[in-house]
Amino acid sequence: MFKQLRKANQNDYLLITATLILLVVFSLSLLSYVQGQQKAAERDQALATGFSRTLKGEIKNSLTLSTTLKELVLASDGKVDNFSTVAKDLLAENTAASNLQLAPKGKVTEIYPLKRK
């Protein structure tokens, strides 16, 4: 009877040991998964923040460009001498736009550049 009890205890220890090993493996797998999800969320947040900053800069450049053109048009009653030169300089400083159009009262009177570069 004592031998049977000892054999039962050995089987119980093996079962407990196997269960503990499986529990550790499961816990490590779960931890790895959660950390991967956190890294992915952090990466996505960093991308969104970078995109937001870029977009904010582009909007600021566009508004600066629009305000400059507005003031230029208002100061010259809708006619801007050397518009091509002025537009070229403005576009060189502000990369938010690829062309400029002068449209006092909604009618386009000047475009720079006329053709895409």
Side-chain angles (χ1 to χ4, degrees):
M1 180 175 154
F2 193 64
K3 285 184 179 182
Q4 284 180 338
L5 187 57
R6 185 180 291 171
K7 189 173 184 180
N9 284 339
Q10 284 178 343
N11 288 338
D12 288 344
Y13 288 135
L14 287 174
L15 185 59
I16 290 170
T17 303
T19 303
L20 287 175
I21 290 171
L22 287 174
L23 184 60
V24 167
V25 168
F26 174 76
S27 297
L28 291 175
S29 297
L30 183 61
L31 180 64
S32 175
Y33 173 77
V34 169
Q35 287 177 340
Q37 292 296 315
Q38 288 174 337
K39 286 181 182 179
E42 289 170 2
R43 183 190 70 241
D44 292 346
Q45 181 63 38
L47 288 173
T49 300
F51 178 74
S52 173
R53 287 183 183 154
T54 301
L55 188 59
K56 182 179 176 182
E58 293 292 323
I59 290 170
K60 184 178 178 182
N61 284 341
S62 296
L63 291 174
T64 300
L65 209 53
S66 295
T67 303
T68 303
L69 281 176
K70 174 185 161 191
E71 295 300 324
L72 191 60
V73 168
L74 291 176
S76 61
D77 292 329
K79 180 68 179 148
V80 179
D81 295 329
N82 301 318
F83 177 75
S84 295
T85 304
V86 172
K88 182 179 178 182
D89 291 343
L90 287 172
L91 288 173
E93 293 176 19
N94 297 288
T95 59
S98 61
N99 66 51
L100 292 177
Q101 298 178 10
L102 189 60
K105 298 181 183 176
K107 183 179 178 186
V108 176
T109 58
E110 301 267 0
I111 300 174
Y112 178 86
L114 287 174
K115 292 184 180 180
R116 198 168 209 21
K117 291 181 178 183

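Nothing here was measured: the structure is a model prediction, and the numbers come from that model.
- V86 has its side chain out of reach of Y112: every pair of non-hydrogen atoms, C-beta onward, lies at least 4.5 Å apart.
- For the atom pair CG (D89) and OG1 (T68), the distance works out to 12.0 Å, reported to the nearest 0.5 Å.
- The two atoms that bring P113 and S98 nearest to each other are CD-O, 3.7 Å, heavy atoms only.
- Between the CG atom of N82 and the CD atom of E110 there is a distance of 10.0 Å, given to the nearest 0.5 Å.
- The shortest side-chain heavy-atom distance between V24 and L20 does not fall under the 4.5 Å cut-off.
- Minimum heavy-atom separation, V108 to I111: CG1-CG1, 3.7 Å.
- With values rounded to the nearest 0.5 angstrom, I16 atom CD1 is found 12.5 Å from I21 atom CD1.
- For I59, the side-chain contact (heavy atoms from CB on, under 4.5 Å) criterion is met by L55, L63, not counting sequence neighbours.
- Of the inter-residue distances, the one linking T49 atom OG1 with E42 atom CD reads 11.5 Å to the nearest 0.5 angstrom.
- The backbone N or O of L28 sits nowhere less than 3.5 Å from a side-chain atom of S32 that would complete a donor-acceptor pair.
- Atom CG of L100 and atom CG of L65 lie 5.0 Å apart (nearest 0.5 Å).
- Judged purely by atom type and a 3.5 angstrom limit, S52 has no side-chain atom pairing as donor or acceptor with the backbone of A48.
- Taking each heavy atom of F83 and Q101 in turn, the nearest pair found is CZ-C, 4.3 Å.
- Minimum interatomic distance between L91 and N99 (heavy atoms only, all atoms of both residues): CD1-CA, 4.0 Å.
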